[in-house]
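Given the structure is predicted, the values throughout are model-derived calculations rather than measurements.
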Amino acid sequence: MKLKIACLQMDIAFGNPAQNIKNAEKWVEKAAEQKCDLIVLPELWMTGYDLGRLGEIGDPEGKDLAAFISRKAKEHHMDIIGGSTAMQTEDGHFNTMFISNREGNIIKQYSKLHLFKLMDEHEHLLGGKSDGLFTLYDEIFAGFICYDIRFPEWIRKHALDGAKALFVSAEWPLARAAHWKTLLTARAIENQCYVIACNRCGDDPNNTFAGHSLIIDPWGEIVAEGSQEEELVIAELELSLVEKVRKQIPIFEDRLPEFY
């Protein structure tokens, strides 16, 4: 199966959901013009890391993000990995990814498991407690958020459960751009699957972000990479390649988990 995929590498207006929704709408339209099957948005794209104001600008139960991607998915008949939102609940805020199929149905929500203390997430957000697995096109995929990619055991769990593609939404700083590329490439090689990682670009009051969204194949070859500017990062995936690679180098069959 072939899929045309686009990462919507956006700048994000700090603490301004209305402006960010307007910008996202523009990039969704551009992806639709390119006849993409599936699109991916960055992490916390509606608010950026304005965590101190989440009580004011947070997304109640994630309804704003869910409604936006559901409407756009149905309008353009495309599947949407909606990035994440600061989902406001009675317990507190979660950094939560929403996914819509092309019929406009929300098929998954995943809250970021690993909170990034260097950006004060642990002071403002709660960690998730569920996996990122979901199904599209009768195939198993998985969604992750930014810091999650530094935990190979978390990613491997999803590959062992059948994930053929890993979708990552991020706000990854420019200062660690080399880590971004290295970690994502390693996750693709060691799990023999596609990695589609959408990062934001631009600045906020505390960081400059790397951009350089990546689409990597199961051999670890980078098939598309963004710059540091706003753009669509587009590539075509051939999902049958995953099985070909896994048969050629059968690492899953050769695992010895009793020793790990």
Side-chain angles (χ1 to χ4, degrees), residues 1-10 31 34-43 78-79 81 83 132-134 136-174 176-201 209-255:
M1 166 179 258
K2 291 186 177 181
L3 293 173
K4 189 174 184 180
I5 291 186
C7 294
L8 278 55
Q9 183 170 288
M10 301 162 42
Q34 295 294 320
K35 300 188 183 305
C36 293
D37 299 300
L38 184 151
I39 62 174
V40 190
L41 283 84
E43 177 185 17
M78 63 169 61
D79 302 290
I81 313 296
L133 292 168
F134 63 96
L136 282 172
Y137 323 109
D138 294 321
E139 301 283 4
I140 300 173
F141 299 141
F144 303 98
I145 302 174
C146 205
Y147 191 42
D148 281 334
I149 69 171
R150 288 190 181 270
F151 298 87
E153 62 273 37
W154 182 230
I155 309 298
R156 172 54 62 85
K157 176 188 185 301
H158 293 74
L160 290 172
D161 285 336
K164 289 186 176 180
L166 313 176
F167 292 90
V168 181
S169 294
E171 289 203 36
W172 197 279
L174 181 62
R176 292 178 291 281
H179 290 191
W180 168 254
K181 183 180 289 190
T182 300
L183 290 165
L184 290 168
T185 302
R187 301 296 85 87
I189 293 170
E190 69 197 7
N191 293 296
Q192 297 177 313
C193 61
Y194 280 99
V195 171
I196 302 93
C198 183
N199 194 30
R200 70 161 290 185
C201 57
F209 295 92
H212 286 275
S213 297
L214 290 164
I215 301 176
I216 307 169
D217 77 12
W219 287 118
E221 297 294 329
I222 294 173
V223 295
E225 180 175 358
S227 65
Q228 283 182 234
E229 306 300 323
E230 286 194 307
E231 63 181 306
L232 294 177
V233 179
I234 298 176
E236 194 170 81
L237 275 58
E238 177 51 79
L239 290 178
S240 64
L241 181 60
V242 175
E243 291 304 324
K244 290 177 182 177
V245 172
R246 290 178 177 179
K247 286 179 180 178
Q248 189 165 339
I249 305 177
I251 61 171
F252 290 94
E253 294 176 21
D254 294 338
R255 291 177 69 250

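Between Ile81 and Phe141, the closest side-chain pair of non-hydrogen atoms is not below 4.5 Å. Residues Cys193 and Arg246 meet the side-chain proximity criterion, which asks for heavy atoms closer than 4.5 Å. At least one side-chain heavy atom of Ile249 sits under 4.5 Å from a side-chain heavy atom of Gln192. Within the 4.5 Å cutoff, the side chain of Leu160 has heavy atoms near those of the Arg255 side chain. Gln228 has its side chain within reach of Leu174: a pair of non-hydrogen atoms, C-beta onward, lies under 4.5 Å apart. Two residues are said to be in side-chain contact when any heavy atoms from C-beta on lie closer than 4.5 Å; Glu238 and Tyr194 meet this criterion. Inter-residue side-chain proximity for Pro42 and Ser169 is flagged as unmet; no heavy-atom pair is nearer than 4.5 Å. Looking at heavy atoms from C-beta onward, Ile234 lies in side-chain contact with Cys36 at the 4.5 angstrom threshold.
For Glu153, the CD atom counts as densely surrounded, since its 6.0 Å shell holds more than 12 non-hydrogen atoms of other residues, nucleotides or ligands.
From Asn199, atom CG reaches atom CH2 of Trp172 across 8.5 Å, with rounding to the nearest 0.5 Å. Rounding to the nearest 0.5 Å gives a distance of 11.0 Å between CG of Leu166 and CG of Asp148. Note that CG of Leu184 is 13.0 Å distant from NE2 of His212, once rounded to the nearest 0.5 Å. To the nearest 0.5 angstrom, Glu229 atom CD is 14.5 Å from Met10 atom CE. To the nearest 0.5 Å, the span separating CH2 on Trp154 from OH on Tyr147 amounts to 15.0 Å. Rounding to the nearest 0.5 Å gives a distance of 4.0 Å between CD1 of Ile5 and CG of Leu237.
Nearest heavy atoms, Arg156 versus Ile251: NH2-CD1, 4.2 Å. Contact record, Ala165 with Ile196: CB-CD1, 4.0 Å, taken as the closest heavy-atom pair. Annotation for Ile140 and Asp161: closest pair CD1-O, 3.6 Å, computed over non-hydrogen atoms. Nearest heavy atom pair, residue Cys198 against residue Gln9, reads SG-N, 4.2 Å. Heavy atoms only, all atoms of each residue included: Trp180 and Gly211 are closest at NE1-O, 3.9 Å. What you find for Pro250 and Lys247 is that their closest heavy atoms are CD-O, 4.0 Å.
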Practice prompt. Report the C-alpha distance between Lys157 and Ile155 in whole Å, list the side-chain angles of each, state the deciding distance to 0.1 Å, and finish with yes or no for side-chain contact (heavy atoms from CB on, under 4.5 Å).
Written response: CA-CA 5 Å; Lys157 176 188 185 301; Ile155 309 298; over 6 Å; no
Item to complete: Determine, stepwise, if the pair Phe144 / Glu43 fulfils side-chain contact (heavy atoms from CB on, under 4.5 Å).
Response: CA-CA 10 Å; Phe144 303 98; Glu43 177 185 17; over 6 Å; no
Practice prompt. In sequence, state the C-alpha distance, the side-chain angles, and the governing distance for Ile222 and Leu214, and then conclude on side-chain contact (heavy atoms from CB on, under 4.5 Å).
Written response: CA-CA 7 Å; Ile222 294 173; Leu214 290 164; 3.9 Å; yes
Worksheet entry | Residue pair Ile215, Val195: steps toward the side-chain contact (heavy atoms from CB on, under 4.5 Å) verdict | CA-CA 6 Å; Ile215 301 176; Val195 171; over 6 Å; no
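Using a cutoff of 4.0 Å between basic side-chain nitrogens and carboxylate oxygens, Glu243 and Lys164 are scored as salt-bridged. Ion pair Glu236/Lys4 not flagged as a salt bridge, since none of the NZ, NE, NH1 or NH2 atoms sits closer than 4.0 Å to an Asp/Glu carboxylate oxygen.
For Glu190, the side chain to side chain donor-acceptor pair (under 3.5 Å) partners two or more places apart in sequence, or in a different chain, are Arg187. In terms of the side chain to side chain donor-acceptor pair (under 3.5 Å) criterion, residue partners of Glu171 (sequence neighbours excluded) are, by chain and number, Arg200. By the salt bridge (Lys or Arg N to Asp or Glu O under 4.0 Å) test, Lys35 is found to be paired with no residue, residues two or more places apart in sequence or in another chain being considered.
Remark: the Asp37 side chain and the Tyr137 side chain contain no N/O donor-acceptor pair separated by less than 3.5 Å.
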